[in-house]
**Q** 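Can you read through this structure? Questions will come right after.
Atoms within a ligand are numbered from 1 in the order they appear, just like the ligands themselves.
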Amino acid sequence: MIHEILPVGILQCNCSILGDEQSKEALVVDPGDNIPQILGILSRHGLRVTAIVITHAHIDHIGGAEKLKQATGAPVYMNAADLPLRDRLDVQAAWLGVEQPEAAQIDVQLRDGDRLRVGGTELDVLHTPGHTQGSVCLLVPAEGKLIAGDTLFRESIGRTDLPGGDYGQILKSIHHKLLVLPDETLVIPGHGPNTTIGHERQANLFLR
Ligand SMILES: [Zn+2]
């Protein structure tokens, strides 16, 4: 499977492009910004976007979703608990001092246990509230990979001091949904370097 990760926008959100070599289907996770670059990668691989998946509705993750939707016609997937955040992109833009992007309509609501597909590869949706109420992670069992959004970072966890954040809840989500995965699971966080579940189990001080 093709997997390109590019940091987008001023907060350098890790956008993932997952593509199937055979069917040329692609799924784009968290197109926060830099839509021309994302479209460039898609066309370089000859990929056609079948789904735009938002791990949570912070502006650095959802900011470019509407533009990408208009460019590709692909539906946008997100958990409904983050709709209130999606509706306040004006406030979020003001926090960052960036221009307010057009908000994407959510076409498909993601729920815990949902299964997405890109070509022959399955992705499992894990609802992991705490950073925001609608935060989700995407597990790709066949690849041993987890796209973690802002729930888990290398030796850190998502902040919980913004509206919708809950410290007890994010710890519970990580312990019950993520640390149960095999040690060798590769974690691609929403920002910063990759890690593994095993490394976080051992070295993440927030999870002691
Ligand atoms: Zn966030």
**Q** Going by side chain to side chain contact (heavy atoms under 4.5 Å, CB included), I197 matches just one of L152, L186, I174. Which one?
**A**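 Among L152, L186, I174, the one meeting side chain to side chain contact (heavy atoms under 4.5 Å, CB included) with I197 is L152.
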**Q** Say whether I170 and I147 are linked into one hydrophobic cluster, either directly or through other cluster members, by side-chain heavy-atom distances under 4.5 angstrom.
**A** no
**Q** Got a sec: is H131 within less than 2.8 Å of the Zn ion (ligand 1) via an N/O/S atom?
**A**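 Looking at H131, which is the residue asked about, there is an N, O or S atom under 2.8 Å from the Zn ion (ligand 1).
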**Q** Among the N, O or S atoms of H56, which one sits nearest to the Zn ion (ligand 1)?
**A**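 Minimum-distance N/O/S atom of H56 relative to the Zn ion (ligand 1) is NE2.
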**Q** Has H45 got a side-chain atom pairing as donor or acceptor with E21's backbone, closer than 3.5 angstrom?
**A** no
**Q** If you look at H58, which of its N/O/S atoms is nearest to the Zn ion (ligand 1)?
**A** ND1
**Q** Report the atom name of the nearest N/O/S atom of D150 relative to the Zn ion (ligand 1).
**A**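 When I compare the N, O and S atoms of D150, OD2 is nearest to the Zn ion (ligand 1).
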**Q** Picking from D82, T151, L162, D166, what satisfies side chain to side chain contact (heavy atoms under 4.5 Å, CB included) with T132?
**A** D82
